[in-house]
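Working notes, beginning with the structure itself.
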Number of protein chains: 2
Amino acid sequence: MTSTMIEENPRGRLLAAAETRFRRFGYKRTTIEDIATEASTGKGSVYLHFESKQDVYMAVVERSLDRFIDSAEQVVARPGTAPERLRALVELTADHYGHDELLHSSLFGETDLVGGDVARMAAERQRQRIRAVLEDMLTVGKSEGSVRADIDPAPTAAVLFEIGWAIVRSGLTATDTGQLESWLDILNDVVGLGLLPRA
Amino acid sequence: MTSTMIEENPRGRLLAAAETRFRRFGYKRTTIEDIATEASTGKGSVYLHFESKQDVYMAVVERSLDRFIDSAEQVVARPGTAPERLRALVELTADHYGHDELLHSSLFGETDLVGGDVARMAAERQRQRIRAVLEDMLTVGKSEGSVRADIDPAPTAAVLFEIGWAIVRSGLTATDTGQLESWLDILNDVVGLGLLPRA
DNA sequence: TGACTGACCAGATTACTAGTTTGGTCAGTT
DNA sequence: AACTGACCAAACTAGTAATCTGGTCAGTCA
């Protein structure tokens, strides 16, 4: 785990400290002094490495996101058709966001933990990076022949992101535990094969 | 327009009055006394026809929703394939919600205008009814042969609702005016034909 | 008699204020 | 030169007094 790994460079120490505080108390209830203390340093030193509190937060999110995108890329690189990969990606996303309160709360905009503006910025960043993974997936799929040649990767990735995100959100908020799985089946089916009967 | 039509029965008068106030000032800033005054009646009379303020609001939403569902059903009844109908429905929804602040704000949960609980209830109702239209569309499509026979209408309608709603939301919040149209093209294409190349 | 009303009330909301906290700076220390 | 923590204005919080409002109901009309 990153939090237990001893960070040598000051910036890394601060980031780790910030991450544990943000995770425990959220953005609003964590002060710069908290972070400094957690990192066993002085408050002013934080500003040697970061512009502002927002900047610290965004850096923490980025790091968390890096880890997620890593696993996402691995999942997407596994063999299978594009819909299967999409499904795996959505599943991973749901799992990850279900467990990672930091990403989750900024993406859901829980204003209690994260202020509106900061949450929006963080969410936008996440959106960008996940979209990039999707676009890559479509491009690779086309070259492999598992995605229709006339699909335009960039905008289709945007649409797939919104679709996938809607499913994740429903899955995470639903009381019914099995919903996510069955909806993923349907998503897989509909997005994979379409609604129309095969000619 | 309904608001200018002279309502004869007291309940109708109250509903019309409530609607104009809710539209102008939102749920929170409209008082029962406002509504009574607007309907040229006494405050207590409101409670002869409605249980509570929430009840009034839900009735207004229901009426507004009735009008929307009417046009939705017409749109869906027009000739075309299931994806085309889905597209038309999503387009209609975006248009309607773009113009109807009442439905819009409760579905978007703008806590400034509508309290959290009430908005959630109203949103749930809307979800139910739109889902019913979608389910019907799929069932009809199956019997017509324009939808794959192995599609299960109920859960598929649920998923399509989430998907469509995600696209509407993006379309309504996006700064780019043309986005909705191009995304609908993609939705039409992907949901209609699927991502996989035809065998 | 029964449809209707508005004075009334408890609980919620607001407006205001005084006191506290906190992001960010910078003169001074190590 | 790297670092620190006292310091400050601006933002936030807690407390409270005053106001408002959903809902009731005893009484008034028609």
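Every chain is numbered from 1, with letters handed out A, B, ... down the list of sequences.
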Run the salt bridge (charged side-chain N to carboxylate O under 4.0 Å, His left out) check on E38(A) and R23(A) step by step: do they pass?
CA-CA 13 Å; E38(A) 177 86 30; R23(A) 282 192 189 285; over 6 Å; no
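Distance from the side chain of S52(B) is smallest for dG23(D) among the nucleotides dC3(D), dT4(D), dG23(D).
The residue among E51(A) and G42(B) whose nearest nucleotide of DNA chain C lies closer to the 5′ end is G42(B).
Considering CD of E91(A) and CG of L180(A), their distance stands at 6.5 Å, rounded to 0.5 Å. Remark: R21(A) CZ to I32(A) CD1 distance equals 12.0 Å, nearest 0.5 Å.
The CG-P distance, from L48(B) to dG6(C), rounds to 13 Å in whole Å. In this structure, CD1 of I32(A) is placed 16 Å from C1' of dC8(D), rounded to the nearest angstrom. When the C1' atom of dG23(C) is taken as reference, atom CG of D55(A) falls 13 Å away, rounded to whole Å. Here dA11(D) presents its C1' atom at 15 Å from CG of D117(A), a figure rounded to the nearest Å. Atom CZ of R13(B) and atom P of dA3(C) are 16 Å apart (whole Å). Between R21(B) atom CZ and dT21(D) atom C1' there is a gap of 15 Å when expressed in whole angstrom units. Atom CD1 of I35(B) and atom C1' of dT5(C) are 17 Å apart (whole Å). Rounded to an integer number of Å, the gap from NZ of K53(B) to P of dG23(D) is 8 Å.
When heavy atoms are screened at a 4.0 angstrom cut-off, T30(B) is found touching the sugar-phosphate backbone but no base atom. As judged by a 4.0 angstrom heavy-atom cut-off over every strand, S45(B) is placed among the base-contacting residues. The residue K43(A) sits close to a base: some heavy atom pair falls under 4.0 Å.
In this structure, T37(B) contributes its side chain and E33(B) its backbone to a donor-acceptor pair below 3.5 Å. Q126(B) places a side-chain N or O within 3.5 Å of a backbone atom of A122(B) that can act as its donor or acceptor partner.
Phosphate proximity of dT4(D) to T41(A): present, with a side-chain N or O under 4.0 Å from OP1 or OP2.
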